[in-house]
Amino acid sequence: KSYPPKYPTPAISPRMLLTHSAGYTDKQGFSEPLNAVAVGEKYYSYKPGNKHLYSNLSIGIAGAVIEKASDQTLSQYARDRFFVPMGIDASYYSSYLSDDSLIANCYLSGSLKYSRESIIQSKESSNAAPGYVYYVGQSGLLISAVDLAKVTTILLNDGQYNGVSYLSSDAVNQMLTVHPVDTQNKYQQCLGV
């Protein structure tokens, strides 16, 4: 459980992380241990659970929670739980892909952000303990459009893909339900996928 110093209750929940309402900022990097994240300057000034402000760190922490609960890195967990059983060649690191020839350069606002070569060279650290590398969950999934469509099919088929259940109906319903969080824009907030 994590409690922001200014608002010691309620504890920050997975739902708050996934609705970007936990109150975390993106002011720091993503390399501190999970238990070191809860310090004052990393929080917005609102009570967690009441307001939506986009936070990469919140999604990264949600990934770290999965790592702690499963005792696997997010890459390993996603590979074992979803990608391999679904016959999908996807990963957060190119070293887990069976074919890296489809990796493309990554552009942001028309400029090269990551070259294909740098993406291929990026490796999951062999000494990365689960729960410590939480920048992985918020970006960097290497997946083809066809395979991403297969993953999305789970949400359209009540948690199933090719007759196999990967998520419960309740989990899918929670992911697609609008949650009552005050947003700063006109959009309604569902859980992060």
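The basis for the numbers below is simple: all heavy atoms, side chains too, and nothing from hydrogens, waters or symmetry mates.
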Heavy-atom pair with the smallest gap, counting every atom of Tyr96 and Ser75: CE1-CB, 3.6 Å
Point-to-point distance, once rounded to the nearest 0.5 Å, from CG of Asn157 to CG of Leu167: 11.5 Å
From CZ (Phe82) to OH (Tyr77), nearest 0.5 Å: 5.5 Å
Partner set under side chain to side chain donor-acceptor pair (under 3.5 Å) for Asp80, not counting sequence neighbours: Gln72
Under the side chain to side chain donor-acceptor pair (under 3.5 Å) test, residues paired with Asp71 that sit two or more places apart: none
Side-chain (Ser55) to main-chain (Ser58) donor-acceptor, under 3.5 angstrom: yes
Transitive ILVMFWY cluster of Ile119, excluding itself - 4.5 Å side-chain cut-off: Leu97, Ile103, Tyr114, Ile120, Leu142
Show me, pair by pair, the donor-acceptor contacts under 3.5 angstrom made by side chains of residues 144-156, not counting sequence neighbours?
residue, atom, partner, partner atom, Å
Ser144, OG, Asp147, N, 3.1
Asp147, OD1, Lys150, NZ, 3.3
Asp147, OD2, Asp89, N, 3.2
Thr152, OG1, Leu148, O, 2.9
Thr153, OG1, Ala149, O, 2.8

Non-neighbouring partners of Ser169 that pass side-chain contact (heavy atoms from CB on, under 4.5 Å), sequence neighbours left out: Asp158
CZ on Phe83 to CG on Leu141, rounded to 0.5 Å: 4.5 Å
Geometric class of the Tyr161/Tyr166 ring pair [parallel <30°, tilted 30-60°, perpendicular >60°]: tilted
Remaining members of the apolar cluster that contains Leu112, side-chain heavy atoms under 4.5 Å: Tyr107
Step-by-step side-chain contact (heavy atoms from CB on, under 4.5 Å) determination, Ile59 to Leu17: CA-CA 6 Å; Ile59 300 302; Leu17 293 171; 6.0 Å; no
Approximate separation, where rounding is to 0.5 Å, of Arg81 CZ and Ser70 OG: 11.5 Å
Side chain to side chain donor-acceptor pair (under 3.5 Å) partners of Ser118, counting only residues at least two apart: Ser115
Between Gln76 and Thr73, a side-chain donor and acceptor under 3.5 Å: yes
Any donor-acceptor N or O pair under 3.5 Å, side chains Ser21, Thr19: yes
Contacts of type side chain to side chain donor-acceptor pair (under 3.5 Å), residue Ser101, not counting sequence neighbours: Asp99
Rounded distance (nearest 0.5 Å) linking atom CE of Met86 with atom CZ of Arg79: 16.0 Å
Hydrophobic cluster (4.5 angstrom, side-chain heavy atoms) - remaining members for Leu102: none
Nearest-0.5 Å distance that lies between atom CD in Glu117 and atom CG in Asp100: 10.5 Å
